[in-house]
Amino acid sequence: MFWSAVVLLSVSASGSLKASQTLECKRVALEPAPSWSFSAAWSLDGRELTLVDVLGGALLRYADGKFHETVVRPGFGDLEFDHPTQLTTISTGYLLNNPPGKVLWLNQNLQSLRSLDFLKVKKSTKLEGEIKIFDFSDAVPAGAGLLGFAVLHRNEKPWQGYVRLSLKPFELVELIEEVNHNAPEDKVFRLLGEAITSTAGGHFALRYAQPTFILKLAPDKRRLKCFPQEFERLPRLPDLGGFAAAAALYKALENSTAATGLYGRGDLLYLLTRKPSPKGTIWQIWQIDPQRDVVVRSLTLPTTANHVFLAPGSRDWAVIEKGAVKEGGKQAIRSMLLIPSSWIEDPASKALADGNTVTCR
């Protein structure tokens, strides 16, 4: 656990907390740092964080506030990965996505146990027509199967969206929700990802649309009514494409007010949003109760980084701070904040309440 050093946070007198009260937080330098990353996962005990280095083809392990080791398994064998993208904590260890279709089950020491190639999945007899999968990503466990985002052809026509698969038998059993590849939100999906997250009560996705909303995928499908109105509109992105356009697209995102991520912990969801300000990006987390379909509260994170993503944990939440995108695949990722989980998850905590000025050193 990253409690080996205690860092004091300064709290402005204008906040609801007394100026004399101190809060604990830590900023950890990422040395070595991933070259490109948008996923990290904590071990079950909350003591170790593993970051995915997408372009480096590696997993970077941090333990007790220090770099521990780099895990690489280059190659194309069943238990190897050459292009890891997303890591998810599961009861036996981790689930690792390696596009276009491989998913690996890892133990708690990140050793590969088994894998499946979803480009080879069979179609259930419950689905009509001819279906061929070209990509499967963002896999998360769901009952006896997996949920994920697939790119496929259905009756020789392009289709992409959220799907459900069974493992025994190994079948594609449901096309849950299509994302029209000609719609404006498709560009946002490609930039920010299609990540699926889970709570004790189900599985959810941030559904970019006009307006953007949270979609419950399973065990029942429904659209949540609650959503912070300021972030319902899609960010305006230039009409550019390809790897070379990455810098311009991410720069446009930096100047946008938008929802950028959805995370689950326990019974609750946590929506990550961004909006520009003269001093840098304002990052907020919106705590949402999906059962009651209400926003519980909002929190302001102590960072103004160009881009961030989160890794919720039982002891700490990691906020991975990323710099501006210089070009496709080049982005400085030098540090992360470790914030006590109770500050974010406990509705009674006022540590990150909007209006408090907090600086994490």
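- Between the side chain of T304 and the backbone N or O of G280, no donor-acceptor pair lies under 3.5 Å.
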Between K275 and E230, is a side-chain contact (heavy atoms from CB on, under 4.5 Å) present by the stated rule, with each step listed? CA-CA 10 Å; K275 57 184 176 182; E230 183 181 2; 3.5 Å; yes
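- Seen from the ring of F81, R73 does not count as a face-on cation partner, given the 6.0 Å and 45° thresholds.
- Distance check, rounded to the nearest 0.5 Å: CG of D82 to CG of N98 gives 5.0 Å.
- Partner L271 forms a side-chain contact (heavy atoms from CB on, under 4.5 Å) with one of T260, L262, V295 and no other, that one being L262.
- Under a 3.5 Å cut-off, the side chain of D53 and the backbone N or O of S35 do form a donor-acceptor pair.
- Aromatic rings of F189 and Y208 (six-membered ring for Trp) have centroids within the 6.0 Å cut-off, being under it.
- Criterion: ILVMFWY side-chain heavy atoms under 4.5 Å apart, direct or through other members. Under it, W159 and L147 are not part of a common hydrophobic cluster.
- The one candidate from T212, V188, T197 that meets the side-chain contact (heavy atoms from CB on, under 4.5 Å) condition with L206 is T212.
- One distance of note links OG of S37 with NE2 of H307; it measures 13.5 Å at 0.5 Å rounding.
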Check the pair W317, Y270 against ring-ring contact (aromatic ring centres under 6.0 Å, His included), reporting the backbone distance first and the verdict last. CA-CA 12 Å; W317 280 51; Y270 298 86; 4.9 Å; yes
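- A distance-only check finds a donor-acceptor pair linking the side chain of D293 to the backbone of C226 [under 3.5 Å].
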Going through the distances and angles, do F170 and F118 end up as a side-chain contact (heavy atoms from CB on, under 4.5 Å)? CA-CA 9 Å; F170 183 36; F118 286 92; 3.1 Å; yes
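- Residues P34 and L60 form a side-chain contact, since some pair of their non-hydrogen atoms from C-beta on lies under 4.5 Å apart.
- Test L337, I333, V308, V28 against I320 for side-chain contact (heavy atoms from CB on, under 4.5 Å) and you get one pass: I333.
- By the 4.5 Å heavy-atom criterion applied to side chains, F231 and Q229 are not counted as neighbours.
- Residue I285 forms a side-chain contact (heavy atoms from CB on, under 4.5 Å) with just one option from I339, L352, L301, and that option is L301.
- Residues P99 and D135 are in side-chain contact: their nearest non-hydrogen atoms beyond the backbone lie under 4.5 Å apart.
- In this structure, the side chains of L253 and L192 come closer than 4.5 Å at one or more pairs of heavy atoms.
- R61 and E69 are joined by a salt bridge, as a carboxylate oxygen and a charged side-chain nitrogen come within less than 4.0 angstrom of each other.
- E177 and K221 are joined by a salt bridge, as a carboxylate oxygen and a charged side-chain nitrogen come within less than 4.0 angstrom of each other.
- Between F213 and F227, the ring center distance fails the sub-6.0 Å criterion.
- Considering all non-hydrogen atoms of both residues, F134 and H153 come closest at CE1-CG, 3.5 Å.
- A distance of 5.0 Å separates CD in Q86 from CG in N97, rounded to the nearest 0.5 Å.
- Under a 3.5 Å cut-off, the side chain of D316 and the backbone N or O of A318 do not form any donor-acceptor pair.
- With a 4.5 Å cut-off on side-chain heavy atoms, S256 and R274 do not count as touching.
- One finds the CZ atom of R47 at 4.0 Å from the CZ atom of R315 (value rounded to the nearest 0.5 Å).
- Inter-residue side-chain proximity for T281 and N306 is flagged as unmet; no heavy-atom pair is nearer than 4.5 Å.
- A salt bridge links K187 to D239: at least one charged side-chain nitrogen sits closer than 4.0 Å to a carboxylate oxygen.
- Note on V103: it does not cluster hydrophobically with I196, by side-chain heavy-atom contacts below 4.5 Å among ILVMFWY residues.
- For the pair L87/L106, a side-chain contact is recorded, criterion being any heavy-atom separation below 4.5 Å from C-beta on.
- If you chain together hydrophobic residues whose side chains sit under 4.5 Å apart, L165 and L127 fall into the same group.
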Please walk me through it: do E321 and R27 pass salt bridge (Lys or Arg N to Asp or Glu O under 4.0 Å)? CA-CA 10 Å; E321 301 177 297; R27 174 172 271 115; 2.9 Å; yes
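- Between Y250 atom OH and L237 atom CG the span is 10.5 Å, to the nearest 0.5 Å.
- The pair E345-R265 meets the salt-bridge criterion, with a side-chain N (NZ, NE, NH1 or NH2) lying under 4.0 Å from an Asp/Glu carboxylate O.
- In terms of hydrophobic clustering, with Ile, Leu, Val, Met, Phe, Trp and Tyr side chains grouped at heavy-atom distances under 4.5 Å, L49 and F309 are assigned to a common cluster.
- No salt bridge links E156 with K132; every basic N to acidic carboxylate O contact stays at or beyond 4.0 Å.
- Two different hydrophobic clusters hold V173 and F149 under the rule that ILVMFWY side chains link at heavy-atom gaps under 4.5 Å.
- With rounding to the nearest 0.5 angstrom, the CD atom of Q287 is 15.5 Å from the OH atom of Y263.
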